[in-house]
Amino acid sequence: MPLRLPYHFVLIFLAALEGESRYLEVRDGGEDEPFLLLDAQLKREISDGQIYRRALRCLDMLSIEGQFTFTAEQPQLHCATFFIADPEELITIDFDFVNINCEAGDFLKVFDGWILKGEKFPSSLDHPLPTSKRYVDFCDGDHVRSTIKSSQNVAMIFFRIHDPGNGFALTIKKKTNLFPCNVISQTPAGRFTMVIPHQHRNCSFSIIYPVAIKISDLMLGHLNGLRLKKPAAGCGGMGDFVELLGGNGLDPSRMFPVADLCHSFHGPAQMKIGCDNTVLRMVSSGKHINRVTFEYHQLEQHELTNREENSLEEFCFSSV
């Protein structure tokens, strides 16, 4: 599956965290295009047991397994690599070697998820670990584990290296996730079924595009119904529900609530959301097997300007 992140999100990566984040600042990605845009032919070529290898850029994105090496040719102070897999996959990062000088101010950290401008995915409300446990810091002791597994289909590293010649090498592998929970979509269109089997957890599916989203089936063990969210209304007392969120950042907990789906139904129920990021979030009490099936596609420009019923209000459309 090719990696096709939108141009506006490329700009977000290039300007990532210039402001207030104490975890990462990326001010200059260099002259090279920072993302590895993989086509189907390349994936076919390396699917026959070959190992893909290349050097990492200071600012990079990877969606494929392989061995990757970073060696500083000059001081590199604000670097990051974002990893993304298919929705039904988890990511394993094996560090083959790490040669950095922590005493000189170097660092190498792994984050379980993505973080941009201080906003995290998955949000702190949706991740099984507290935020402090989502970081692995190679300058924080001598017993840092060399193999790190993600809890969802995205992960990242960020690093600073002062001395030319220092660096690290890592191997990226993927494994199947039988019950995907938190997901960032690689593509602007798709179809997905989220299942939470008797688990008390929250799961978010993030689509980094303005989209039309159509829910064809929702099973929560309740009656039928769909309603737009209004002030002082919602599904918070239901225990199990789905909400649609829209916003221009990464963290679902900071997004605008668009609609609540409190009861089971067989669709379709469709809505257009003109934000940079659209999230379908399922909250599960653990008492039921909850399931939602939906499909989505990126809104065309004429759909963004010609607002019809079930479209968002001015707060997102004005920023597109």
Side-chain angles (χ1 to χ4, degrees), residues 3 13-14 16-17 21-36 38 46 50-85 89-116 118 120-122 127-175:
L3 176 60
F13 273 80
L14 289 173
L17 305 182
S21 173
R22 64 186 177 91
Y23 301 111
L24 169 65
E25 294 183 9
V26 178
R27 291 194 176 93
D28 184 6
E31 297 180 356
D32 291 337
E33 166 61 42
F35 304 119
L36 176 62
L38 295 169
I46 64 177
Q50 301 180 38
I51 299 176
Y52 181 72
R53 294 180 174 89
R54 78 161 171 85
L56 288 177
R57 306 175 181 95
C58 175
L59 183 62
D60 219 330
M61 173 171 279
L62 299 174
S63 66
I64 200 164
E65 295 179 322
Q67 295 179 346
F68 305 92
T69 303
F70 184 85
T71 302
E73 297 180 357
Q74 59 186 8
Q76 298 283 6
L77 305 183
H78 308 287
C79 298
T81 301
F82 297 82
F83 306 102
I84 186 167
E89 294 177 327
L90 301 175
I91 299 167
T92 298
I93 306 173
D94 291 310
F95 283 89
D96 304 314
F97 75 85
V98 175
N99 179 27
I100 61 175
N101 188 349
C102 297
E103 295 181 355
D106 293 358
F107 63 76
L108 171 60
K109 300 181 183 182
V110 183
F111 183 70
D112 188 9
W114 281 1
I115 181 168
L116 288 170
K120 300 180 290 292
F121 183 91
H127 200 279
L129 298 175
T131 299
S132 61
K133 299 294 184 181
R134 296 170 65 178
Y135 289 91
V136 175
D137 187 346
F138 278 82
C139 289
D140 188 20
D142 299 326
H143 303 289
V144 176
R145 62 188 188 275
S146 60
T147 298
I148 300 165
K149 298 179 181 179
S150 72
S151 302
Q152 60 286 310
N153 77 320
V154 292
M156 67 175 292
I157 61 173
F158 44 100
F159 54 95
R160 172 186 298 165
I161 300 177
H162 290 83
D163 297 332
N166 285 358
F168 58 89
L170 54 83
T171 300
I172 298 298
K173 299 178 183 177
K174 302 175 185 178
K175 68 175 184 176

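Note that the structure is predicted; figures quoted are calculated from it, not measured.
Here the closest heavy-atom approach between residue Arg160 and residue Gly105 is recorded as CD-O, 3.4 Å. Summarising the geometry of Gln67 relative to Ile51, their closest heavy-atom pair is CG-CG2, 3.9 Å, with the distance given to 0.1 Å. Scanning both residues, Ala169 and Thr69, for their nearest heavy atoms gives CB-OG1, 3.8 Å. Across every non-hydrogen atom of Gln76 and Ala72, the tightest pair is CG-CB, 4.5 Å. Considering every non-hydrogen atom in both Phe97 and Gly167, the closest pair reads CE1-O, 4.0 Å. The two residues Cys58 and His78 have their closest heavy-atom pair at SG-O, 3.5 Å.
If you look at Phe138 and Phe168, their ring centroids are not closer than 6.0 Å.
Considering only heavy atoms from C-beta on, Phe82 comes within 4.5 Å of Leu59 through its side chain. Here the side chains of Phe159 and Ile100 are not in contact, with every heavy-atom distance at 4.5 Å or above. With contacts defined as side-chain heavy-atom distances shorter than 4.5 Å, the pair Lys173/Asp94 qualifies. The closest side-chain heavy-atom distance from Ile157 to Phe95 is below 4.5 Å. Ile64 has its side chain out of reach of Arg54: every pair of non-hydrogen atoms, C-beta onward, lies at least 4.5 Å apart. With a 4.5 Å cut-off on side-chain heavy atoms, Ile115 and Met156 count as touching. By the 4.5 Å heavy-atom criterion applied to side chains, Ile93 and Ile172 are counted as neighbours.
With Phe111 as the aromatic partner, Lys109 does not meet the cation-pi criteria of under 6.0 angstrom to the ring centre and within 45 degrees of the ring axis.
For the pair Asn153 (side chain) and Ala85 (backbone), a donor-acceptor distance under 3.5 Å is present. Listed for the Glu65 side chain is a donor-acceptor partner under 3.5 Å among the backbone atoms of Lys174. Judged by distance alone, the side chain of Trp114 and the main-chain N or O of Ala155 form a donor-acceptor pair under 3.5 Å. Between the side chain of Asp112 and the backbone N or O of Arg134 there is no donor-acceptor pair closer than 3.5 Å. Although no hydrogens or angles enter the test, the distance criterion places no donor-acceptor pair under 3.5 Å between the side chain of Asn166 and the main chain of Ile161.
Atom-to-atom distance recorded for Arg57:CZ and Cys79:SG is 12.5 Å, nearest 0.5 angstrom. Considering CZ of Phe83 and OG of Ser150, their distance stands at 10.5 Å, rounded to 0.5 Å. With rounding to the nearest 0.5 angstrom, the OG1 atom of Thr92 is 5.5 Å from the NZ atom of Lys175. Rounding to the nearest 0.5 Å places CD1 of Ile91 at 9.5 Å from CG of Leu62. Between the CG atom in Leu108 and the CZ atom in Phe158 there is a gap of 9.0 Å [rounded to 0.5 Å]. Here the CG-OG1 distance, from Leu56 to Thr81, works out to 4.5 Å after rounding to the nearest 0.5 Å.
Partners of Thr171 according to the side chain to side chain donor-acceptor pair (under 3.5 Å) rule, which considers only residues two or more places apart in sequence or in another chain, are Asp96.
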